[in-house]
Every structure is written in structure tokens, then in C-alpha cells.
A.B. asks: 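Can you keep this structure in mind? I'll have questions shortly.
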There are 2 protein chains.
Amino acid sequence: MRETEAKLVGELKGRGYRLTPQRELLLSVLEGSRKHLNAETLLERVHKVYPRANKSVVYRNLELLADLGLVSCVDFGHGRVEYEVHRHPHHHHLTCRHCGRMLEVRSGAFAQLQQQLHQDYGFNADMDHLAIFGLCQACSEKADPRHEHHPHALQGMGF
Amino acid sequence: MRETEAKLVGELKGRGYRLTPQRELLLSVLEGSRKHLNAETLLERVHKVYPRANKSVVYRNLELLADLGLVSCVDFGHGRVEYEVHRHPHHHHLTCRHCGRMLEVRSGAFAQLQQQLHQDYGFNADMDHLAIFGLCQACSEKADPRHEHHPHALQGMGF
DNA sequence: CCTCCTATTGCAACTGGTTGCATTTGTATC
DNA sequence: GATACAAATGCAACCAGTTGCAATAGGAGG
Ligand SMILES: [Mn+2]
Ligand SMILES: [Mn+2]
Ligand SMILES: [Zn+2]
Ligand SMILES: [Zn+2]
């Protein structure tokens with residue numbers, strides 16, 4: 001039994017959750033990918049093994065797996081949310097709103113902020129797997145971005 | 001002429017953007033509210049003055065106003081994105097994923113992170129008006145949150 | 001291995017938000 | 001103020017994701 005699957009069974013057990021083939025399969029599909037995957041792609045891959053699976057069960061189980069801390073999700077503003085297995089130590093993404101380039105950031109840089117929010121407000125911030133938007137080095141240097149408007153560079157809620 | 005409206009005209013001028021009644025009205029509706037408003041509410045209020053306005057023009061102009069830096073938007077995971085006029089200095093929101101309580105945070109606490117991302121990656125992070133999820137003080141103290149699952153505490157992409 | 005209970009599923013209807021396109025309307029120029 | 005041209009609008013179709021509900025199926029207990 002794979003490590004994450006043992007974790008899955010462990011997390012489900014004793015809370016009234018059941019181990020269903022859809023759940024196991026969904027997690028194993030995510031495990032088998034090194035990239036983020038969206039719900040549609042996930043369903044396609046689940047379908048190869050379990051053709052009767054339905055999109056609503058994909059969404060519902062992604063939410064459950066995320067609540068259990070086994071899966072991370074993120075919205076890069078590309079029109080669909082993306083998912084991946086939760087890795088340790090966790091990471092965040094810096095996304096250039098001009099050229100789309102993405103940098104991965106280890107969570108260390110965020111510890112300071114997290115600590116400060118806890119100190120100042122008693123707030124226990126999650127901050128797993130965030131998407132931070134901005135301009136990458138190359139695009140910052142190129143031109144003064146204040147005088148350009150890129151209406152369709154990035155759609156969705158990410159602006 | 002109101003201050004933000006002057007700003008609107010200024011931002012539009014010379015970039016080929018036009019000043020339309022819908023744009024002006026949308027901004028003035030946002031100006032007239034002290035709370036975040038969602039697109040549906042905005043359209044309702046716009047309709048009172050300009051009944052033929054359409055939802056797509058609301059969304060398109062909200063995107064434009066956000067690009068121009070006049071409007072902030074945020075997704076609290078309540079099923080609809082919320083908007084407000086951009087205020088200085090800007091702020092962020094701490095949202096408790098257990099009880100829903102919200103704290104407003106001045107942007108100061110984020111300057112350090114912003115600086116570090118710039119130092120380490122040359123990345124120029126936006127970080128206007130973020131929604132940070134986590135547990136508020138009261139909810140953190142109450143019980144060990146690792147052993148509870150709240151499936152419907154917060155829907156959407158915010159988990 | 002049967003029974004029961006309820007969590008989970010599949011499905012279809014729905015919601016918030018986006019998009020393509022034909023029509024309208026700002027605005028620059030005369 | 002009329003003309004011309006592209007930007008913006010209204011509309012209807014569309015898309016990703018959610019929800020209510022009746023049917024299915026884990027799994028605990030016997
Ligand atoms: Mn990632
Ligand atoms: Mn706000
Ligand atoms: Zn870039
Ligand atoms: Zn709370």
C-alpha cells in the first residue's frame with residue numbers, strides 16, 4: 001500500500017468517512033502526476049479505470065481530500081482550478097501577470113508573515129500553496145508597467 | 001467632480017479607453033458603499049439609474065477598473081467575488097475558516113514578505129487586498145482543529 | 001453472508017461568470 | 001453638427017463548478 005493511501009485510510013477511519021474506489025483512484029491519479037491537474041483532466045484519467053465516475057464526485061472528493069490535507073489546490077486565473085498531492089515542505093507559486101512565467105517558492109519566506117499575523121492578531125494563517133501574482137524580474141525591468149494595460153493577459157479572479 | 005471620478009477620467013484618457021455612463025455609474029455605486037459588493041448587487045444598483053445595463057458589462061468594467069487600480073476584488077469563498085473601491089493604504093482580510101469572522105489587516109505586515117520575494121527572486125508581488133484563510137484566536141483555542149472536519153464551512157476555491 | 005443504516009454516488013438542473021458577435025455609441029476630426 | 005472608426009455594449013450561448021435528490025453501496029454488527 002502506497003504511503004499516501006495509508007494516510008488516506010487513516011484520515012478517513014473513525015470519522016464516518018468511507019473508502020470508495022473513486023476516492024482511492026482520484027488520489028492515485030494525482031499521485032501519478034508531477035504537475036498540477038484540473039478537474040476535467042482528473043475526470044478523464046479516472047474514467048480510464050472507472051468509466052461511470054461523475055464530475056460532481058470528482059469535485060466533492062477533491063474538496064474532501066483538500067480538507068484532509070492530502071491535496072492542495074490553487075487558482076492561477078486560467079479559468080480552472082488546479083490540484084496536486086500535498087507535498088512537504090509545502091510551496092507557493094509566484095505568477096507573472098505579464099508573461100505568465102511561474103516561480104516556485106519554498107514556504108520559508110512566509111513563516112515570518114505567519115508569525116506576525118499570529119502575534120498581532122492571534123490569527124493562525126493557513127498559507128499552504130498560495131498563488132501570488134505580480135511581475136517577474138524580466139518584466140519589471142522591461143518597461144514601466146503603470147503605463148500599460150493588458151486587458152486579457154489574465155482572466156478570472158486573480159487580478 | 002468627485003476625486004475618484006477625476007482619477008477615472010485621467011486613467012482612461014490617452015489610452016484609447018472611453019468614458020461611458022456604465023463605467024462612471026459602476027464606480028460611483030462602489031464609491032457609495034462602505035462594504036464589499038458582489039456583481040449581482042452592483043448590477044441591481046446600476047439598474048436603478050440605467051435599467052438597460054447588462055451583467056457582462058458589469059464584469060468587463062470591473063475587470064477594467066481593477067486593472068486601472070481603482071477597484072479591488074476578492075474571493076472569500078462565499079460563491080461570488082466581491083468588489084470595493086481601492087483605498088490607500090490598502091488592506092488585506094484574515095478570514096476564519098471555522099467561524100467566518102473577518103479581521104482587516106493594514107498592508108504593513110506584508111511589506112517584509114514583499115521585500116524578501118523581491119530580494120530572493122526579483123519578483124515584484126502585487127499583494128493588494130488578499131484574503132488569507134486560517135483560524136481566528138477564539139477558534140484556535142477552542143479545540144484541536146486537526147481532528148475536526150467542516151465540509152461545508154466554506155465552499156469554493158478557498159480551502 | 002445478511003441486514004441495516006447512512007455516506008456517497010450519478011444525474012440533471014442550476015449558478016456565477018465568460019465569450020463571440022452583431023449593434024450601438026464615444027470621440028476625434030473636419 | 002455631421003462623418004468615420006474603433007471601443008464598448010447587449011445579448012445569447014457557453015463553461016466551470018455546485019446542489020438537491022433518488023438510487024447505490026461501504027462497512028458495522030450480528
Ligand atoms: Mn504547486
Ligand atoms: Mn477589503
Ligand atoms: Zn514576466
Ligand atoms: Zn473563528
Side-chain angles (χ1 to χ4, degrees), chain A residues 8-9 11-27 36-44 46-47 50-68 73-83 149 151-159, chain B residues 8-9 11-27 36-44 46-47 50-68 73-83 149 151-159:
Chain A
L8 175 62
V9 177
E11 294 292 335
L12 295 177
K13 193 149 243 168
R15 292 196 230 181
Y17 293 123
R18 293 174 184 172
L19 182 61
T20 66
Q22 290 95 327
R23 262 167 207 177
E24 252 182 297
L25 187 48
L26 187 60
L27 188 59
H36 301 140
L37 297 175
N38 62 48
E40 190 188 9
T41 306
L42 282 165
L43 181 55
E44 280 166 14
V46 168
H47 268 162
Y50 199 91
R52 91 179 93 142
N54 183 270
K55 77 171 176 170
S56 67
V57 91
V58 168
Y59 285 110
R60 286 195 271 231
N61 280 320
L62 284 169
E63 189 180 350
L64 174 63
L65 292 171
D67 281 342
L68 296 179
C73 67
V74 65
D75 184 350
F76 289 117
H78 298 317
R80 32 190 84 183
V81 173
E82 301 182 6
Y83 303 85
H149 172 231
H152 301 302
L154 225 54
Q155 76 268 52
M157 63 131 315
F159 43 84
Chain B
L8 175 61
V9 176
E11 294 292 335
L12 295 177
K13 192 147 244 169
R15 291 195 232 181
Y17 294 123
R18 293 175 183 171
L19 183 61
T20 65
Q22 291 93 329
R23 264 169 206 175
E24 252 182 295
L25 187 49
L26 186 59
L27 188 60
H36 300 140
L37 298 175
N38 63 48
E40 190 188 8
T41 306
L42 281 165
L43 182 55
E44 278 166 14
V46 167
H47 268 161
Y50 199 90
R52 91 180 94 145
N54 184 269
K55 76 172 174 167
S56 66
V57 92
V58 168
Y59 285 111
R60 287 195 272 231
N61 281 319
L62 283 169
E63 189 181 349
L64 174 64
L65 292 171
D67 282 341
L68 296 180
C73 66
V74 65
D75 185 350
F76 290 116
H78 297 318
R80 31 190 86 183
V81 173
E82 300 182 5
Y83 303 84
H149 171 230
H152 301 302
L154 225 54
Q155 74 268 55
M157 63 126 322
F159 42 85

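Lettering follows sequence order; numbering is per chain, from 1. Quick caveat, the model's predicted, so the values are computed rather than measured.
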A.B. asks: In Å and rounded to the nearest 0.5 Å, what is the CD to CG distance from Glu11(B) to Leu65(B)?
C.D. replies: 10.5 Å
A.B. asks: Restricting to non-hydrogen atoms, name the atom on Leu12(A) and the atom on Arg18(A) that form the minimum distance, rounded to 0.1 Å.
C.D. replies: CD1-O, 3.6 Å
A.B. asks: At under 4.0 Å, does any side-chain N or O of Arg60(A) touch on OP1 or OP2 of dT8(C)?
C.D. replies: no
A.B. asks: Between the base of dG10(C) and the side chain of Lys55(A), is one N or O donor paired with an acceptor at under 3.5 angstrom?
C.D. replies: no
A.B. asks: Quick one, Val57(A) and Leu43(A) - any side-chain contact, counting heavy atoms below 4.5 Å?
C.D. replies: no
A.B. asks: Counting only side-chain N and O atoms of Tyr59(B), is one of them less than 4.0 Å from OP1 or OP2 of dG17(C)?
C.D. replies: yes
A.B. asks: Find the distance Glu24(A):CD to dG26(D):C1' and express it as a whole number of Å.
C.D. replies: 12 Å
A.B. asks: Rounded to the Å, how far apart are Leu12(B) CG and dA8(D) C1'?
C.D. replies: 12 Å
A.B. asks: For the atom pair OH (Tyr83(B)) and CG (Leu26(B)), what is the distance rounded to the nearest 0.5 Å?
C.D. replies: 9.5 Å
A.B. asks: So, does Gln22(A) get its side chain near the phosphate of dG10(C), meaning an N or O under 4.0 Å from OP1 or OP2?
C.D. replies: yes
A.B. asks: Who passes salt bridge (Lys or Arg N to Asp or Glu O under 4.0 Å) against Glu40(A), sequence neighbours left out?
C.D. replies: Arg80(A)
A.B. asks: Whole Å only: how far is the CG atom of Leu43(A) from the P atom of dC15(D)?
C.D. replies: 16 Å
A.B. asks: Between CG of Leu27(B) and CG of Asn61(B), what distance do you get to the nearest 0.5 Å?
C.D. replies: 10.0 Å
A.B. asks: Please give, in whole Å, the distance from dA8(D) P to Leu65(B) CG?
C.D. replies: 11 Å
A.B. asks: According to a strict under-4.0 Å criterion, is Asn61(A) in side-chain N/O contact with OP1 or OP2 of dT9(C)?
C.D. replies: yes
A.B. asks: Measure from the side chain of Val57(B), starting at C-beta and using heavy atoms only, and say which of dG10(C), dG17(D), dT9(D) lies closest.
C.D. replies: dT9(D)
A.B. asks: Nearest-nucleotide wise, let me know which of Glu40(A) and Ser56(A) is further upstream toward the 5' end of DNA chain D.
C.D. replies: Glu40(A)
A.B. asks: How close or far is atom P of dA8(D) from atom CG of Leu26(B), stated in whole angstroms?
C.D. replies: 14 Å
A.B. asks: Nearest-Å distance, CG (Leu68(B)) to C1' (dA8(D))?
C.D. replies: 14 Å
A.B. asks: Taking atom C1' of dT9(C) as reference, at what distance in whole Å does atom CZ of Arg23(A) sit?
C.D. replies: 10 Å
A.B. asks: Indicate for each nucleotide in nucleotides 23-28 of chain C, in 5' to 3' sequence, whether protein heavy atoms under 4.0 Å reach the base (B), only the sugar-phosphate (S), or nothing (-).
C.D. replies: --BBS-
A.B. asks: May I have the distance from Arg15(A) (atom CZ) to dA28(D) (atom P), rounded to whole angstrom?
C.D. replies: 15 Å
A.B. asks: Once rounded to the nearest 0.5 Å, what's the spacing between atom CZ of Arg23(A) and atom CZ of Arg60(A)?
C.D. replies: 10.5 Å
